[in-house]
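Just below is one structure, and these are the notes that go with it.
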Amino acid sequence: MQQKVRFQIEGMTCQACASRIEKVLNKKDFVESAGVNFASEEAQVTFDDSKTSAADIAKIIEKTGYGAKEKTEDALPQPEEAAHVSWRLWLLLAINIPFLIGMAGMMIGRHDWMIPPVWQFVLASVVQLWLAVPFYKSAWASIKGGLANMDVLVTIGTVSIYLYSVYMLFFSPHAAHGMAHVYFEVGVMVIGFVSLGKFLEHRTKKSSLNSLGLLLKLTPTQVNVQRDGEWKQLPIDQVQIGDLIRANHGERIAADGIIESGSGWADESHLTGESNPEEKKAGGKVLAGALMTEGSVVYRATQLGSQTLLGDMMNALSEAQGSKAPIARVADKAAAVFVPVVVGIALLTFIATWLVKGDWTVALMHAVAVLVIACPCALGLATPAAIMVGMGKAVKHGIWFKDAAAMEEAAHVDAVVLDKTGTLTEGRPQVAAVYCVADGGFDEDALYRIAAAVEQNAAHPLARAIVSAAQARGLEIPAAQNAQTVVGAGITAEVEGVGLVKAGKAEFAELTLPKFSDGVWDIASIVAVSVDNKPIGAFALADALKADTAEAIGRLKKHGINVYIMSGDNQGTVEYVAKQLGIAHAFGNMSPRDKAAEVQKLKATGKTVAMVGDGINDAPALAAANVSFAMKGGADVAEHTASATLMQHSVNQLADALLVSQATLKNIKQNLFFAFFYNILGIPLAALGFLNPVIAGAAMAASSVSVLSNALRLKRVNIE
């Protein structure tokens, strides 16, 4: 049986490390697929659990030289520890200071600012023989694994320049005359700059890129719980299902639950993307992480930790951020051959420069610059960094993508297929128009009162809609006696002070409707009313459009996305809704099979199709589309089939999802361009001697941070 497991990986230094783990795992016959995300430092492995176990896979990863810790769905993702500057980095930076001063002096002709060569040797030896040991270990483990990483380049470059300087200082013919040219500062400063760059990269990946840390802060650490009849302040991990918990104004809800008493308003935007607070009162639901903006409630915990909606979202986000987008294969292929190619270029640079310049010292400096300027990290971070930020931005808008592939595919969508009921409309009938017979003797308010008096005895959705409309008008509804239902026709009752009232189909109330100019009468459900067998009026009830539907359709069309309606309702009703929204393509009387077939036809014309639905009947079309969106709280099969879930029943969230995806893909392409351009430009400049190794080391350290900084711009992208 196939099983999927996720591991947190420790010890990776660049994309080559991630590629090596993937290569080792994918060679195993019991592994169906394995992907390693360098930015999230996570591996996702699908394997045959009849042949191996998660623990065995962890051991395989550990044999490649990395740590592997299984991540379980039962537990919430754990907060990352804040990245602190280690003593090793502090010492490295301190040793760099005298060399930085010396180099600054040489730039202005003050060679006396550089410390004596012997002291340079002492400090450089501390760095190369002690502080640089982690680089050597990583490089050796990488070479043993058969795929060289960035640390191989740094090791070859800095050790070469260190050994050369040692030779020149102690063994060259010029050493006795104090005229030896040494370059100890190169190795020290390259190690220093690269280490600083790694720290900045690590801090950015662990804090700024990942939205999980912000979500974790939504759950309070201490809560007011009723125990033994008293309110006690307890840690969140001591709360049990069934406990009564109190949340006051300004406090966050600790668990999903049902309100027992109290009332107020709660901000649930962290889950739904909806900024307007929700009113909360006895009998209603509260969700973990919600902020009480007004009032105070006592609620009974029904779900805790990973079982809450917040916990489910965090695990879903963690898994999605750890997945790999198809576009990442470009960087993966480049990273697989990157280091060997760079070593080859450095060797050719050394030989060519020596032959041309006749100076092997210059040749060595050029070769080291080539080794140090090359950066596979920027390539490895280009895609996953943008995906992580994009996923976090989507979640803030109430959109849960299942994986990175779904987000990438959503960025290409140019055709959207929408179900009507529950997607474009509210999914419940409302009074859309009212007709009063000219000589019927009753005005509109009276018609509402009389109809509601009879319909309050019925359970039909149309009846409830009329009663609700009358109550919304603030009308007093009279009593009705002897209510009787005529199956398939309507209902009758005696209304005090009025007479025998019938409400139902037009023929049941003996009403002949005139021809209306308002098209809603042609597509609506009709409830006619008569008093003592004399018709007095009628109601047209239709499923009203959601308040933001028109705006959402406008946004989609503005961005060049074609919109199609496919519904099981009759063609006239679907066309009426389409006309209201300015949608040119409307299909009615569609069975689930018809919807799926029409989606396939659109794909055959070259369209990238997104399908949106919330019902069981939408599942085949959701599965047929390139990318699909289900409404949260709809049919389970729809949510399971869909590529992403929309927390609000709103097409506006669909527009948000597509635009966030487009912005993310654009950011990925920018990152990849920068990473490739950096190496394509930097390596030749280093080979030709335009970059010395120190500047090359600083540039290499800055390249990864630049890619991460560009990815972080996604947080500020406007998706209107």
Side-chain angles (χ1 to χ4, degrees), residues 96 99-111 113-114 117 120 124 127-128 132 135 148 150-169 172-175 179-194 196-197 338-379 674-704 706:
N96 266 263
F99 289 103
L100 283 168
I101 294 172
M103 287 197 67
M106 285 190 287
M107 293 175 65
I108 61 174
R110 294 296 302 270
H111 294 272
W113 286 15
M114 182 61 79
Q120 292 183 45
V127 171
Q128 295 292 163
F135 286 89
M150 178 193 74
D151 291 336
V152 172
L153 299 178
V154 174
T155 296
I156 294 174
T158 58
V159 169
S160 298
I161 208 71
Y162 173 75
L163 293 177
Y164 164 79
S165 297
V166 169
Y167 169 78
M168 293 299 292
L169 179 61
S172 78
H174 303 288
M179 298 175 61
H181 291 284
V182 294
Y183 298 95
F184 289 115
E185 75 277 3
V186 172
V188 171
M189 296 179 72
V190 166
I191 294 291
F193 283 136
V194 173
L196 179 60
F338 189 89
V339 174
V341 168
V342 170
V343 172
I345 293 172
L347 184 59
L348 289 174
T349 298
F350 178 80
I351 295 171
T353 306
W354 191 1
L355 292 175
V356 173
K357 299 280 188 179
D359 187 335
W360 72 283
T361 302
V362 174
L364 178 62
M365 296 297 284
H366 288 196
V368 171
V370 169
L371 291 170
V372 175
I373 192 68
C375 184
C377 293
L379 281 173
F674 173 80
F676 279 110
F677 180 77
Y678 165 85
N679 285 292
I680 290 170
L681 180 64
I683 291 174
L685 287 176
L688 294 171
F690 292 106
L691 293 174
N692 69 47
V694 173
I695 295 176
M700 190 266 274
S703 64
S704 297
S706 298

Checking side chain to side chain contact (heavy atoms under 4.5 Å, CB included) for the pair Thr158/Tyr162: CA distance, chi angles, key distance, verdict?
CA-CA 6 Å; Thr158 58; Tyr162 173 75; over 6 Å; no
If you round to the nearest 0.5 Å, how far is CE of Met189 from CD1 of Ile161?
13.5 Å
CE on Met365 to CG on Leu691, rounded to 0.5 Å
12.0 Å
What is the distance from atom CD1 of Ile680 to atom CG of Leu685, rounded to the nearest 0.5 Å?
12.0 Å
Here the pair of heavy atoms bringing Asn679 nearest to Ala374 is OD1-CA, 3.5 Å
Looking at side-chain heavy atoms only, is the closest gap between Phe184 and Val166 below 4.5 Å?
yes
Non-hydrogen atoms of Ala699 and Ile373 that approach each other most closely
CB-CD1, 3.7 Å
Quick check: closest heavy atoms across Leu371 and Leu153, and the distance to 0.1 Å?
O-CB, 3.5 Å
Contact summary for Ala696 and Ala369, nearest pair of heavy atoms
CB-O, 3.7 Å
Would you call Val188 and Gln120 a side-chain contact if the rule is heavy atoms closer than 4.5 Å?
no
To the nearest 0.5 angstrom, please state how far the NZ atom of Lys357 sits from the NE2 atom of His366.
6.0 Å
Which of parallel (below 30°), tilted (30 to 60°) and perpendicular (above 60°) describes Tyr164 and Trp360?
perpendicular
Val194 and Phe135: which non-hydrogen atoms are nearest, and at how many Å?
CG1-CE2, 3.7 Å
When rounded to the nearest 0.5 angstrom, what is the spacing between CZ in Phe690 and CD1 in Ile695?
12.5 Å
Closest approach of Phe350 to Ala367 (non-hydrogen atoms, all atoms of both residues)
CB-CB, 3.9 Å
Return yes if some donor-acceptor pair links the side-chain N/O of Tyr678 with the main-chain N/O of Ser704 below 3.5 Å, else return no.
no
What is the distance from atom CZ of Phe676 to atom CG of Leu681, rounded to the nearest 0.5 Å?
15.0 Å
Stepwise side chain to side chain contact (heavy atoms under 4.5 Å, CB included) check, Val159 with Leu163
CA-CA 6 Å; Val159 169; Leu163 293 177; 3.8 Å; yes
